Amino acid sequence: MHGGVPEQAIDYCLENYEIVLSSLLLEEIMDKLKRKAKAPHRWLRIIRQRFDDLCEIVTTTTPESPITRDPNDEHVVIAAKLTNCKLIISGDKDLLELGSYKGIQIISSRQFMDQVL
């Protein structure tokens, strides 16, 4: 989805915070741009470089015990923990249901924008 509250949250974070992404999440984003959006290779290179410039990319490991209901979401929480993040902004229902993890609050982009405005 283009625009709306998620885009506002990203813009606000780019101006006011450091954004952290797990390397697995970045791979997933790039794969979807390639397969579903059929982005040209040159665009993918440019987009990847922009992510590298604007975000801290973190390589994660598998946790000793499960954190989330969906094992495919573990990397997001681990990346936040490794970089001492205080907040995860997500639209993922499994992460949102977790609510928090070791002092890291997990909220939607709407909840985030309501807090900062």
Side-chain angles (χ1 to χ4, degrees):
M1 179 172 159
H2 177 69
V5 176
E7 186 174 322
Q8 291 171 356
I10 291 168
D11 288 343
Y12 188 90
C13 288
L14 284 169
E15 292 177 18
N16 296 284
Y17 297 102
E18 181 176 4
I19 297 176
V20 174
L21 291 177
S22 74
S23 56
L24 290 174
L25 182 57
L26 181 54
E27 287 175 30
E28 182 181 330
I29 292 167
M30 298 306 294
D31 183 59
K32 286 186 179 182
L33 287 171
K34 180 179 179 181
R35 286 186 310 105
K36 292 188 177 187
K38 303 203 183 317
H41 184 69
R42 70 180 185 282
W43 289 9
L44 293 172
R45 268 196 332 266
I46 293 167
I47 292 167
R48 173 58 197 246
Q49 185 60 53
R50 293 293 291 157
F51 273 113
D52 288 340
D53 293 343
L54 297 171
C55 305
E56 180 178 350
I57 310 300
V58 178
T59 301
T60 60
T61 58
T62 304
E64 292 177 18
S65 59
I67 298 169
T68 64
R69 186 171 63 185
D70 181 355
N72 293 325
D73 295 332
E74 303 282 318
H75 61 95
V76 174
V77 179
I78 296 299
K81 183 177 178 246
L82 288 172
T83 55
N84 298 313
C85 289
K86 294 179 179 21
L87 183 64
I88 295 172
I89 302 170
S90 179
D92 184 278
K93 291 178 184 174
D94 292 318
L95 287 173
L96 291 169
E97 184 176 291
L98 185 60
S100 67
Y101 176 75
K102 296 194 177 194
I104 304 167
Q105 185 182 14
I106 304 169
I107 62 174
S108 69
S109 55
R110 166 63 63 203
Q111 290 169 309
F112 174 73
M113 291 308 294
D114 288 347
Q115 284 182 9
V116 297
L117 294 181

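These figures come from a predicted structure and were not determined experimentally.
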According to the interplanar angle, ranging from 0 to 90°, do the rings of Tyr12 and Phe112 count as parallel (below 30°), tilted (30 to 60°) or perpendicular (above 60°)? perpendicular
Main chain of Pro66, side chain of Glu74: is a donor-acceptor contact present, judged purely on distance under 3.5 Å? no
Separation between NZ (Lys93) and CG (Asp73), nearest 0.5 Å, reads 13.0 Å
Applying side-chain hydrogen bond (donor to acceptor under 3.5 Å, both in side chains), which residue pairs with at least one partner in residues 103-117 are found, sequence neighbours left out? Ser108-Gln111
According to a 4.5 Å side-chain heavy-atom criterion applied to Ile, Leu, Val, Met, Phe, Trp and Tyr, with indirect links allowed, do Leu117 and Leu87 form part of one hydrophobic cluster? yes
For the atom pair NZ (Lys32) and CE (Met30), what is the distance rounded to the nearest 0.5 Å? 13.5 Å
Nearest heavy-atom contact between Lys38 and Arg35 is NZ-O, 3.4 Å
Find the distance between CG (Leu25) and SG (Cys55) and round it off to the nearest 0.5 Å. 9.5 Å
Kindly compute the distance separating CD1 (Ile46) from NE2 (His41), expressed to the nearest 0.5 Å. 10.5 Å
SG-CD distance between Cys85 and Glu56, expressed to the nearest 0.5 angstrom: 7.5 Å
Any side-chain heavy-atom pair from Lys36 and Leu33 closer than 4.5 angstrom? no
How many angstroms lie between atom CD1 of Ile57 and atom OG of Ser23, to the nearest 0.5 angstrom? 8.0 Å
Any donor-acceptor pair under 3.5 Å linking the side-chain atoms of Ser22 with those of His75? yes
Could you state whether Leu54 and Tyr17 fall into the same hydrophobic cluster, counting links through intermediate Ile, Leu, Val, Met, Phe, Trp or Tyr residues with side-chain heavy atoms under 4.5 angstrom apart? no
With ILVMFWY side chains joined below 4.5 Å, transitively, what does Leu96's cluster contain besides itself? Val20, Val58, Ile67, Val76, Val77, Ile78, Leu82, Ile88, Leu95, Leu98, Tyr101, Ile104, Ile106
Non-hydrogen side-chain atoms of Glu97 and Asp94 separated by less than 4.5 Å: no
